Amino acid sequence: MLTALRANIIAAPALGKLEITEYGYLVLQDGVTLGVFPTLPEIYKTAQIEDFGDALLLQSFADMHLHAPQFPMVGMGMDIPLLDWLNTYTFPLEAAFKDIEYARAVYTQLAATLINNGTTRVCMYGTIHTDATLLLMRILDDAGITGYVGKVNMDRNAPDYLCESTGESLRETLRWLGECERFRNIRPMLTPRFVPSCTGELMGGIGRLAAARGLYIQSHLSENRSEMAWVKELHPDCGQYWETYEKYGLWKDHTIMAHCVHSDARERAAMREHGVYMCHCADSNINLASGIAPVRAMLDEGLRVVLGSDIAGGSQLPMLSVCAQSIRASKMRRILTGWTEEILTPAEVYYLATSAGAQYFGGGTGFPVGEPLHALVLDDKGFSKTVRTGANPPTLAQRLERAMYLADSRHIAAVFSAGRRVK
Ligand code: GUN
Ligand code: FE
């Protein structure tokens, strides 16, 4: 069916660049984008038009790092640093996902909240529990969310109630992979939690599995100084944290490393050379007092950077809020580094939160012709006209900026994921 969405269309074709089509048309054939036009081309005259008036039509968001089982503790317990936080709050909560009915209740609520906030692509962690992770994938798929989910691997330095044996972890990973064919838009990615949680034997097994099956990997890197010191103790033969992943075949193209707060120039060069993605989790890094990642340097050096909410180290699931928090963090870094680093702009974080994530999954930037639509409609009339009285009304770029600071799910009027309307 030929349809057209009419609204103020804002795309992020490149880092820092906005492509704005004032009250234009986004034309679709069966949910696949045919193009964005300022006026409706003659050949599409028969399109059924849905008019969103003065609303903004934005690209929907990609949350490239979050922990589904931590959703129940979102906004709580951020008074202690990473390693204490894991032991005190996180591990006991994750253990509860042994109970499939508990998992069903939490994951159903999470999927609905993601869609409500315009997040249609994810790279997400489950728990060590295979069946609960499969259920998470089923629930996300049914809700219309796309992307990758991982069954978490952990075989050491965890409490008994959340620890697998090495053999069990690898066997369960194989069983899990065997059941992942049935989903439409959700695929598996390998998820060794982080170096302290995994023996070398387990990491080696996961590395071989990734190579044999062409699977992607997600984990954590250089988030916190105590964590880094521990990794150094566990692997005295490795000069830097990243080399422990490299040693076991986990450091490669499309591997996502979350945080990278303390990654120095050498570690960053290794990321760039190997096509490793850096997932910036600004809110979490401040909540857990981990630090502020050197995102500007990473962008200047040509690293592939994406954004993550990192629920529940991060307390903001809406990616609009993650955008605002990424800008705030860049300003704090600027203050703390003697005013030497450039701050992130709204156009840059919009790109990182949308197009950069889409590219991870093989998509194009902006609203790519020939791809199923990922978009949201933001009705900002509640605050778009405020403050500026008398003078010029805000531009569309200013309205995008303001939405990052002021909008919430109530302002998201419609969401499209993989060509389908899901809100
Ligand atoms: N490192 C290992 N596990 C975790 C986790 O659950 N959250 C964060 N922020 N860092 C981690
Ligand atoms: Fe994390």
Side-chain angles (χ1 to χ4, degrees), residues 63-97 106 110 122-129 133 136 147-159 162-164 169 189-199 202-203 206 217-231 234 241-242 244-245 250 255-263 277-293 306-317 322 325 329:
D63 188 342
M64 302 299 283
H65 182 82
L66 74 163
H67 299 260
Q70 296 172 20
F71 191 49
M73 67 181 207
V74 74
M76 304 190 302
M78 297 169 288
D79 54 327
I80 42 180
L82 176 68
L83 300 176
D84 298 329
W85 175 82
L86 287 171
N87 286 315
T88 307
Y89 302 119
T90 313
F91 291 159
L93 175 58
E94 290 196 14
F97 288 76
V106 171
L110 174 65
V122 295
C123 283
M124 190 184 278
Y125 289 51
T127 54
I128 61 168
H129 311 103
T133 303
L136 171 62
Y148 297 115
V149 171
K151 173 221 166 313
V152 173
N153 299 98
M154 353 181 7
D155 71 340
R156 68 166 167 179
N157 294 320
L162 195 69
C163 199
E164 312 161 289
S169 189
M189 84 189 291
L190 297 173
T191 308
R193 184 176 202 118
F194 71 154
V195 167
S197 296
C198 301
T199 60
L202 179 57
M203 289 205 286
I206 293 169
I217 298 153
Q218 60 183 348
S219 195
H220 296 86
L221 181 72
S222 299
E223 175 177 2
N224 164 292
R225 293 283 185 198
S226 307
E227 169 212 18
M228 292 165 72
W230 194 11
V231 169
L234 293 169
Y241 197 157
W242 70 274
T244 59
Y245 290 121
L250 303 171
T255 291
I256 301 180
M257 285 292 160
H259 303 286
C260 311
V261 171
H262 305 287
S263 296
Y277 276 71
M278 181 283 193
C279 185
H280 181 43
C281 304
D283 194 40
S284 172
N285 295 340
I286 290 171
N287 287 338
L288 298 183
S290 302
I292 306 171
V306 291
L307 301 186
S309 68
D310 192 33
I311 295 302
S315 57
Q316 302 297 324
L317 189 68
V322 170
Q325 192 60 8

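Each ligand, and each atom within it, is numbered from 1 in the order the structure gives. Predicted model only: the values in this text are computed from it and were never measured. Starting from 1, each residue takes its place in the sequence as its number.
In the vicinity of Leu82, heavy-atom distances shorter than 4.0 Å reach the ligand 1 atoms 8 (C), 10 (N), 11 (C). Listed by number with element, the atoms of ligand 1 under 4.0 Å from a non-hydrogen atom of Asp310 are 8 (C), 9 (N).
Put simply, the side chain of Met278 does not reach to within 4.5 Å of the side chain of Val306, judged on heavy atoms. The side-chain heavy atoms of Leu250 and Met203, taken from C-beta on, include a pair separated by under 4.5 Å. The shortest side-chain heavy-atom distance between Phe194 and Leu221 does not fall under the 4.5 Å cut-off. Residues His220 and His65 have side chains in contact (heavy-atom distance under 4.5 Å, counting atoms from C-beta outward).
Remark: minimum distance from atom 3 (N) of ligand 1 to any protein heavy atom is reached at Arg193 NE, 2.8 Å. Regarding atom 10 (N) of ligand 1, its nearest protein heavy-atom neighbour is Glu223 OE1, 2.8 Å.
Neither the backbone nor the side chain of Glu227 has a heavy atom within less than 4.0 Å of ligand 1.
The angle that His65 NE2 and His67 NE2 make at the Fe ion (ligand 2), rounded to 10°, works out to 100°.
Looking at every heavy atom in both residues, Leu317 comes nearest to Ile311 through CD1-CG1, 3.5 Å.
Inclusion of Glu94 in the set of residues having an N or O under 3.5 Å from an N or O of ligand 1 is not warranted. Considering backbone and side-chain atoms together, Gln70 places an N or O closer than 3.5 Å to an N or O of ligand 1.
Residues Asp63 and Ser309 have side chains that bring a donor and an acceptor to within less than 3.5 angstrom of each other. In this structure, a donor-acceptor pair under 3.5 Å is present between the side chains of Thr191 and Gln218.
The closest approach between a heavy atom of Trp85 and any atom of ligand 1 is below 4.0 Å.
The atom name of the N/O/S atom in Asp310 closest to the Fe ion (ligand 2) is OD1.
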